[in-house]
Protein chains: 2
Amino acid sequence: MSASALLPVPRTTLTREVAERLRQAILSGELVAGQQLAEATMASRLNVSRVPVREALVELEREGLVVFNERGRACVRAFTDEDFAEIVSLRTTLQVMSAKLAAVKHTVEDLERLEMIVKRADKTRDPTEFSRLDIAFHDEIARIARHQRLYQAWSNLRAQMELWIVRAHRERERVKHDVHAATARAHRAMIEVLRSRDPGEAARLMEFHCESMIKVQD
Amino acid sequence: MSASALLPVPRTTLTREVAERLRQAILSGELVAGQQLAEATMASRLNVSRVPVREALVELEREGLVVFNERGRACVRAFTDEDFAEIVSLRTTLQVMSAKLAAVKHTVEDLERLEMIVKRADKTRDPTEFSRLDIAFHDEIARIARHQRLYQAWSNLRAQMELWIVRAHRERERVKHDVHAATARAHRAMIEVLRSRDPGEAARLMEFHCESMIKVQD
DNA sequence: CTTCCGTATTCGGTCTACGGTATACTGTAC
DNA sequence: GTACAGTATACCGTAGACCGAATACGGAAG
């Protein structure tokens, strides 16, 4: 207890805090699609002024969870099937590029982190936790690529990916075990391909993996 | 004249207006790399309050023209060679994906717009104008792909692309004619490939075109 | 009963003000 | 002369209020 008393004070801003809460509220379904997010209402509910709420909404718009209508009012984005098709197709492109770069740039520590994620995914029985680790695996690949702008583009998609995966899990509870096993296999194979430092093969495998996720949706 | 009198009144916000002015100032070099952009200073110079300036700076950060340091102060981004390598490599990936989609989804009007851009590029002798039309061509391809998230990812790169092209032109004035001719040829070829609706060939040509731009830089 | 007009409410865009923090400069002491 | 401390300044984060615009609701007139 006393050891952690003198750690650096976590410095954050109200804007980030509000964004995080709204993000969680949207991902958890507490805020439903189409719901209006009036600045003043959110501000009073969160006990902050309108400015942090306003800035958080802009951030969430960038992440694709919120849309502003023509008169500047924010509402929770309603996703169509076309939206999810866009999300997974762009995800595939960005992850293929990430895999190519990661195959060349990865270090031993990077692979260890990936294996840690896969191991944790093996242990869990909670589908939400598994989804989170699935995202974390691909996030780590994007990070290993060490390409700031690529990572930013991926970051802007990540929250929407989470929403897609959550929805996918809800829609087909019964097949989730097969999907989990297949995902785990693909991730292990990915690590091995990265270890061999073959960008072409890494790209092929990543594309196959991402595409196979689309087929599951049907 | 009278025909345009009853067009919709252009509605904008101070935030957009400030963002546009700052963007132009950065692209034109009026604001130099590394320069601090103090909110209060910019606000008084532009005769607005700090809030629109602040929101505009956030927008420019998303576009990559501005960075916030650890204490939240904004300055004009200083680009390294690695930055430009990132920009062109991500550009290539996004444009290849765009070309694939555009090959399938384009309409006659889309191709007409592309040809219009190429024709205007032929006419101009102004290198800055040519660069702008070069960007406009690729912007149009990204638009034709009709993929919102892909277009947004490209949009976040566009301003940085402009900066790269401007710098490239300044650095090698003498070769610009060859580059212009090669670009014009590549763009015409691109239109023809799109017309044949062959996504694979469109992707190959786009990748070759984007990669060849990198070689020019050396 | 329907339609139109006016008013009231709501909401976003903007401005001003205040508090906290970091940095820089200056003065004093060693 | 140098180093440290204290003060001043500048800027960010945040709050609260004002204003204009849009919409919704109600009343009156046809």
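Letters A, B, ... are given to chains in the order of the sequence lines, protein chains preceding strands, and every chain is numbered from 1.
Toward the 5' end of DNA chain D, the nearer of the two residues B:V51 and B:L37, judged by each one's closest nucleotide, is B:L37. Along DNA chain D, the nucleotide nearest to B:T41 and the one nearest to A:T13 differ in position, and the one closer to the 5' end is contacted by B:T41.
Computed from coordinates, the B:F68 CZ to D:dG13 C1' distance equals 12 Å when rounded to whole Å. In this structure, CZ of A:R50 is placed 8 Å from C1' of C:dG13, rounded to the nearest angstrom. Rounded to a whole Å, the CG atom of B:L14 is 4 Å from the P atom of C:dT14. We find that CG of A:N69 is positioned 9 Å from P of C:dG12, with the value rounded to whole Å. Rounding to whole angstrom units, CD of residue B:E55 and P of C:dT14 are separated by 7 Å. Put simply, CG on A:N47 is 16 Å from C1' on D:dG13, counting in whole angstrom units. Per the geometry, CD belonging to B:E39 stands 15 Å off P belonging to C:dT14, to the nearest Å. We find that CD of A:E70 is positioned 16 Å from P of C:dC11, with the value rounded to whole Å.
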Step-by-step salt bridge (charged side-chain N to carboxylate O under 4.0 Å, His left out) determination, A:E17 to A:R21:
CA-CA 6 Å; A:E17 185 68 27; A:R21 296 198 182 211; 3.3 Å; yes
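The side chain of A:R71 contributes an N or O atom lying less than 4.0 Å from OP1 or OP2 of D:dT23. B:R54 has a side-chain polar atom (N or O) that falls below the 4.0 Å cut-off from OP1 or OP2 of D:dG13. At least one side-chain nitrogen or oxygen of B:T15 sits closer than 4.0 Å to the OP1 or OP2 atom of C:dT14.
Here the side chain of A:R73 is nearest to one of C:dG12, D:dA15, C:dC15, namely C:dG12.
If you check the side chains of A:T80 and A:D83, you find a donor sitting under 3.5 Å from an acceptor. Between the side chains of B:R77 and B:Q160, no donor N or O sits under 3.5 Å from an acceptor N or O. A donor-acceptor contact closer than 3.5 angstrom is absent between the side chains of A:Q148 and A:Q152.
No side-chain donor-acceptor contact under 3.5 Å links B:D139 to the backbone of B:A136.
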